[in-house]
Number of protein chains: 2
Amino acid sequence: MKRKITLKQIAKELDVSISTVSKSLRNSLEIGEETRLKVQAFAKFYNYKPNNIALSLKNRKTKSIGIIIPEIVHYFFSTVINGIEQVANENGYSVVICLSDDSFDKEVLNMEMLANGSIDGFIMSLSKETQFKGDFHHITEVINQGMPVVMFDRVTNDILCDKVIIDDKAAAYEAVQSLIDNGRKKIALVTTVDYVSVGKLRTDGYEKALLDNGIPFNEDLIIKIEDVDTCEITISQLLHDRAFDAVFAVNELFAVTIIKTASKMGLKVPEDLAVIAFTDGIISKYSTPSITTVSQSGEKMGNKAAKMLIERLEAEHDDDEEENENYTTEVIETHLIKRESTD
Amino acid sequence: MKRKITLKQIAKELDVSISTVSKSLRNSLEIGEETRLKVQAFAKFYNYKPNNIALSLKNRKTKSIGIIIPEIVHYFFSTVINGIEQVANENGYSVVICLSDDSFDKEVLNMEMLANGSIDGFIMSLSKETQFKGDFHHITEVINQGMPVVMFDRVTNDILCDKVIIDDKAAAYEAVQSLIDNGRKKIALVTTVDYVSVGKLRTDGYEKALLDNGIPFNEDLIIKIEDVDTCEITISQLLHDRAFDAVFAVNELFAVTIIKTASKMGLKVPEDLAVIAFTDGIISKYSTPSITTVSQSGEKMGNKAAKMLIERLEAEHDDDEEENENYTTEVIETHLIKRESTD
DNA sequence: TTTCAACACTACCACGTTTTCGTAAACCAA
DNA sequence: TTGGTTTACGAAAACGTGGTAGTGTTGAAA
């Protein structure tokens, strides 16, 4: 149980000053070769590594970035983390992750916890509750303190900062258009409640695709689901009435639930019902039939977000107080992955 | 762009000493009421929060725990993180996550990066490569420095530390036994290569269940898969020969691949082929047919691991150098979740 | 008037590092 | 010897915090 060795201990042991040790280890020319090598050998032997905390305090840089997301047991978010971690790691940064559980309070608490020096910048996706409340003071506060924030996926226009998103509206449009191209006329939209920004945008794209193709927009075909487990009744009722022959679901969980419900009722996918889902995840790939999806590469989003954040962090370092806040919003391209659930 | 305020700045502004400010904020009786309230009001106005880095340096406690896992886009691991984060958060700890990508070098690098003061303790699951090499010096080193380590799932006997595992052998035994109870005789085992500790244990349980029931153990029925994407040929060949009527897969990805392959060949699950998988994940739940699984609650493992680590961290603090290293290994119970893939 | 406690606050140290500045000794030139 | 330069190192400040010890003033008891 030998604690990590410090400069001070080395100095004491070799009977030199702390500065001498520090300089020797950084190969300063100020120190004579004999002393320098002696110190280096000693340090190597005791496996000296500078203490990160002390360095952080001194440099006012922690070399770690905070991630705040609603949940982690979630294919999309975990791919984003993966993407962030990759470029973070390449650049010598660690990632510290906090989960908001889609709760506003937890989001605020976590941000405050991390904002007091623990990290250099944030990458975050808003919790549902935050989007619902529209209260972003915790984020503006952090930004005002000079801490860069990059938002992804679930963003808001009320905050000025770097953002990484996909063109939800265009992607939804493309998906619905492809259903129409296959001759579908009664296309349902299965979505979440409106305050989640992406849900709204996808709805917009859905509507536009319909109207552009001369298909009337029918409110009854928009099914808003708050809880996956209780939605089966609604869906089976609509299926029973043959109210629709295609469905665009805003996530793959909804899609697979619909397919299962349809199968139970003897309907065939894609013959009787075509299905497209947003978010290309593991379920879509392995479900039977496998599901056609709009892929939103979480990994790419993570890569991009991390790059943007780190760039800003390093730039800040250079020209200190330049305040050139030209925030950008990166749009990650999506594409349709055709599988068995559509023809 | 106002930087966070510090004790020093408050002191200067109010023309008192730093100590006075510090004590006022901690409600020390040493400070007169007038000054105390004045300082507190000022601090509140400027939203003073102590700097975590400075506190960490002073207290030699970072209040954060490091997690090292092979991958994060992985249902089981993400549930474990979720579990860890829950109790970490409850106890005022942050989690910093590093991914080894199943690479030994990255595992070592990440550990070294975090071990230099960034965290108070580790929770980790070994990378495949590390298990293969059997080289654990990076872990022993960390432990020798007095930093507690809790391992979960992919553990090793070569390291003395707290561990959280499931009884892989017993769980596998139970699964196979249930297949036998349903009249299955030719039970295949689809597993990974041996050096992953859990793979080995599950194989042992499989074998024991067979032998206990007087069923000969047949090497040919053990299918070792290294790459999921290329295994279909092997499986379809064996299925074609009707070599087995039930299969126990060590993860759900293998299971769903087998089911898909069987379905393509016109075999019915579970009538012609019963399937049980290890790891109760999202795929098993939503695949068609849904898959009977051995649930290993990642969340519980995470909870337990975090509890063990934090307990050790707080204990350490009290009796400094007591060195009472009574390491324990917690076994999380599993249970069979019966779904449509078995009868 | 002296003494002593209570009060209200300040000084100082430590945590581990880097860096700026300072200085003693040694060397060289005049 | 004197003055100046180089060599080789040390002292100290700074980052922000919190605890212990110390200090000066005041009022009251002896």
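Chain letters run A, B, ... following the sequence lines, proteins first, then strands; residues in each count from 1. These values consider heavy atoms only, across backbone and side chains, with no hydrogens, waters or symmetry-generated copies.
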Inset, instruction - Side chain of A/Ile31 only, please: which of D/dC9, C/dT17, D/dG18 is the nearest? - result: D/dC9
Legend entry - Distance, rounded to the nearest Å, where A/Asn59 contributes CG and C/dT18 contributes C1': 8 Å
Legend entry - Atom-to-atom span, NZ of A/Lys49 to P of C/dT17 - whole angstrom: 13 Å
Inset, instruction - Assign each of B/Lys23 and B/Pro50 to its nearest nucleotide of DNA chain D by heavy atoms, then name whichever residue's nucleotide is nearer the 5' end. - result: B/Pro50
Legend entry - Integer-rounded Å distance: C/dA8 C1' and B/Leu37 CG: 14 Å
Legend entry - Evaluation steps, side-chain hydrogen bond (donor to acceptor under 3.5 Å, both in side chains), between B/Asn52 and A/Ser118: CA-CA 6 Å; B/Asn52 282 333; A/Ser118 305; 2.9 Å; yes
Legend entry - Of the listed nucleotides C/dT18, D/dG10, D/dT17, the one nearest the side chain of A/Leu7: C/dT18
Legend entry - Under-4.0 Å side-chain N/O to phosphate OP1/OP2 contact, A/Thr35 with D/dC9: yes
Inset, instruction - Determine the sole option in B/Gln131, B/Lys133, B/His137 for which the side-chain hydrogen bond (donor to acceptor under 3.5 Å, both in side chains) test with B/Asp135 is passed. - result: B/His137
Inset, instruction - Return the 5'-most residue of the pair A/Ser19, B/Ser19 with respect to DNA chain C, ranking by each residue's nearest nucleotide. - result: B/Ser19
Inset, instruction - Respond yes when some side-chain nitrogen or oxygen of A/Thr20 is under 4.0 Å from OP1 or OP2 of D/dC9, and no when none is. - result: no
Inset, instruction - Identify whether any heavy atom of A/Lys58 sits under 4.0 Å from a base atom; if not, whether one sits that close to sugar-phosphate; answer base, sugar-phosphate or nothing. - result: base
Inset, instruction - Could you say whether A/Lys8 or A/Ile18 is positioned toward the 5' end of DNA chain C, judged by the nucleotide with the nearest heavy atom to each? - result: A/Lys8
Inset, instruction - Mind calculating the distance between CZ (A/Arg26) and C1' (C/dG16) to the nearest angstrom? - result: 13 Å
Legend entry - Touch class at under 4.0 angstrom, heavy-atom based, for A/Thr6 against every strand present: sugar-phosphate
Inset, instruction - Please examine the side chains of B/Val87 and B/Tyr93, heavy atoms only from C-beta on, and report whether any two atoms are closer than 4.5 Å. - result: no
Legend entry - Gap between atoms CG and C1', on B/Asn27 and C/dA8 respectively (whole Å): 16 Å
Inset, instruction - Could you state the atom-to-atom distance from CG of A/Asn52 to P of C/dT18 in whole Å? - result: 11 Å
Legend entry - Plane angle bin for A/His74 and A/Phe76 - parallel if under 30°, tilted between 30 and 60°, otherwise perpendicular: perpendicular
Legend entry - Euclidean distance, atom CG of residue B/Leu14 to atom P of C/dT10 [Å, nearest integer]: 11 Å
Inset, instruction - Answer whether the closest heavy-atom distance between the side chains of B/Asn51 and B/Lys4 falls below 4.5 Å. - result: no
Legend entry - Between C/dA8 (C1') and B/Glu33 (CD): distance, integer Å: 13 Å
Legend entry - Side-chain N,O (A/Arg60) to OP1/OP2 (D/dG16) below 4.0 Å: yes
Inset, instruction - Could you check which of C/dG16, C/dC9, C/dT18 has an atom nearest any side-chain atom of B/Glu30? - result: C/dC9
